[in-house]
Amino acid sequence: MTNFNIKEHLQACRSKEETFKALVTLSKNLPRLSEEEKTDENKVKGCESAVWLIEATMDGKRHFKADSDAKLMRGVLVALLSLVEGKTIAEIQAMDLKAELTELNLSSYLTSSRTNGVLSIIKKLTSC
């Protein structure tokens with residue numbers, strides 16, 4: 001599923017239940033990290049659920065691997081990563097990822113503690 005399809009798919013959800021199902025379905029598209037990759041260094045601090053994020057840069061473009069112990073958060077990760085995968089750090093930093101998340105209809109799932117976690121993920125995605 002391309003990033004446009006993910007955005008379109010989530011925007012088409014008309015209820016909290018539909019959005020939840022869509023996120024759980026999306027979560028299945030995120031390859032699991034190995035136990036060796038789930039290190040403290042890769043763990044995103046400030047998340048309610050355990051979240052790991054690994055970044056690699058090739059030819060100036062950033063590539064990400066991520067995982068979480070929560071299906072809902074894995075779905076959120078798929079949506080977030082679809083926005084930034086394969087872009088340069090400058091392109092990612094120029095994006096308003098918080099506004100993008102709002103456009104994805106995820107606000108009803110982002111409780112205050114989850115919002116803090118997502119903001120920690122965004123911070124890690126936009127750091128050099």
Side-chain angles (χ1 to χ4, degrees):
M1 196 175 267
T2 66
N3 61 351
F4 179 74
N5 288 341
I6 289 171
K7 188 173 188 175
E8 196 175 74
H9 184 64
L10 289 170
Q11 287 176 331
C13 295
R14 296 291 166 230
S15 69
K16 193 172 179 177
E17 186 178 278
E18 270 186 56
T19 304
F20 180 80
K21 286 179 183 176
L23 286 170
V24 170
T25 300
L26 283 176
S27 75
K28 296 173 185 173
N29 294 323
L30 191 65
R32 302 308 301 242
L33 294 179
S34 69
E35 289 305 312
E36 293 78 32
E37 292 172 309
K38 292 180 181 179
T39 63
D40 281 342
E41 182 181 313
N42 293 332
K43 194 168 189 177
V44 179
K45 313 296 186 259
C47 290
E48 185 177 285
S49 307
V51 174
W52 298 270
L53 182 66
I54 301 171
E55 178 270 333
T57 303
M58 291 184 344
D59 299 323
K61 302 210 183 273
R62 297 187 88 186
H63 303 281
F64 300 93
K65 290 169 59 175
D67 201 354
S68 175
D69 61 356
K71 282 184 185 179
L72 183 69
M73 202 61 202
R74 287 174 51 79
V76 171
L77 284 166
V78 171
L80 257 177
L81 295 181
S82 74
L83 300 170
V84 298
E85 177 62 31
K87 291 187 172 19
T88 66
I89 186 63
E91 289 171 325
I92 294 169
Q93 289 175 338
M95 298 173 76
D96 185 346
L97 290 174
K98 290 181 219 170
E100 291 281 351
L101 280 178
T102 301
E103 288 182 28
L104 295 176
N105 286 339
L106 300 182
S107 56
S108 62
Y109 287 98
L110 300 181
T111 60
S112 59
S113 57
R114 277 200 189 112
T115 298
N116 290 337
V118 170
L119 292 176
S120 295
I121 294 167
I122 289 172
K123 185 176 179 183
K124 194 161 181 173
L125 289 172
T126 58
S127 64
C128 298

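Along the sequence shown, residues carry numbers from 1. Every value quoted in this text rests on a predicted model; they were computed, and no experiment measured them.
Counting only distance, with no hydrogens or angles, the side chain of T88 and the backbone of K61 share no donor-acceptor pair below 3.5 Å. At least one donor-acceptor pair closer than 3.5 Å links the side chain of Q11 to the backbone N or O of E103.
In this structure, the separation between CD on E18 and NE2 on H9 is 9.0 Å, given to the nearest 0.5 Å. In this structure, the separation between OG1 on T25 and CD1 on I6 is 11.5 Å, given to the nearest 0.5 Å. With values rounded to the nearest 0.5 angstrom, S82 atom OG is found 9.0 Å from E100 atom CD. Distance check, rounded to the nearest 0.5 Å: NZ of K71 to OG of S49 gives 13.0 Å. In this structure, CD in E48 is found 12.0 Å from OG in S120, a value given to the nearest 0.5 Å.
With a 4.5 Å cut-off on side-chain heavy atoms, L81 and L53 count as touching. Between K98 and L101, every side-chain heavy-atom pair lies at or beyond the 4.5 Å cut-off. Side-chain atoms of L125 and L83, non-hydrogen and from C-beta on, never get closer than 4.5 Å to each other. At a threshold of 4.5 Å between non-hydrogen side-chain atoms, the residues E91 and R62 do not count as touching. Side chains of I89 and T57 form no contact here, defined as non-hydrogen atoms less than 4.5 Å apart.
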Could you give me the CA-CA distance, side-chain angles and deciding distance for I121 and K124, then say whether side chain to side chain contact (heavy atoms under 4.5 Å, CB included) is met? CA-CA 5 Å; I121 294 167; K124 194 161 181 173; 5.8 Å; no
Evaluate V118 against L97 for side chain to side chain contact (heavy atoms under 4.5 Å, CB included), listing each step before the verdict. CA-CA 10 Å; V118 170; L97 290 174; over 6 Å; no
Please test R32 against R74 for side chain to side chain contact (heavy atoms under 4.5 Å, CB included), starting from the C-alpha separation and ending with a verdict. CA-CA 10 Å; R32 302 308 301 242; R74 287 174 51 79; 3.1 Å; yes
Criterion side chain to side chain contact (heavy atoms under 4.5 Å, CB included) on N42 and L33, from CA distance to verdict: CA-CA 11 Å; N42 293 332; L33 294 179; 5.9 Å; no
Going through the distances and angles, do E55 and H63 end up as a side-chain hydrogen bond (donor to acceptor under 3.5 Å, both in side chains)? CA-CA 6 Å; E55 178 270 333; H63 303 281; over 6 Å; no
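In the hydrophobic cluster analysis, where Ile, Leu, Val, Met, Phe, Trp and Tyr join through side-chain heavy atoms closer than 4.5 angstrom, L77 is grouped apart from I54. Following chains of ILVMFWY side-chain contacts shorter than 4.5 Å, one cannot reach W52 starting from L30, and the two form parts of different hydrophobic clusters.
In terms of heavy atoms, G75 sits closest to S27 at N-CB, 3.6 Å.
The only member of D69, D67, V44 that meets side-chain contact (heavy atoms from CB on, under 4.5 Å) when paired with V51 is V44.
Looking at E35 and K38, a side-chain N of the basic residue comes within less than 4.0 Å of a carboxylate O on the acidic one, giving a salt bridge.
Enclosure of atom CG in D96 by more than 12 non-hydrogen atoms of other residues, nucleotides or ligands within 6.0 angstrom is indicated.
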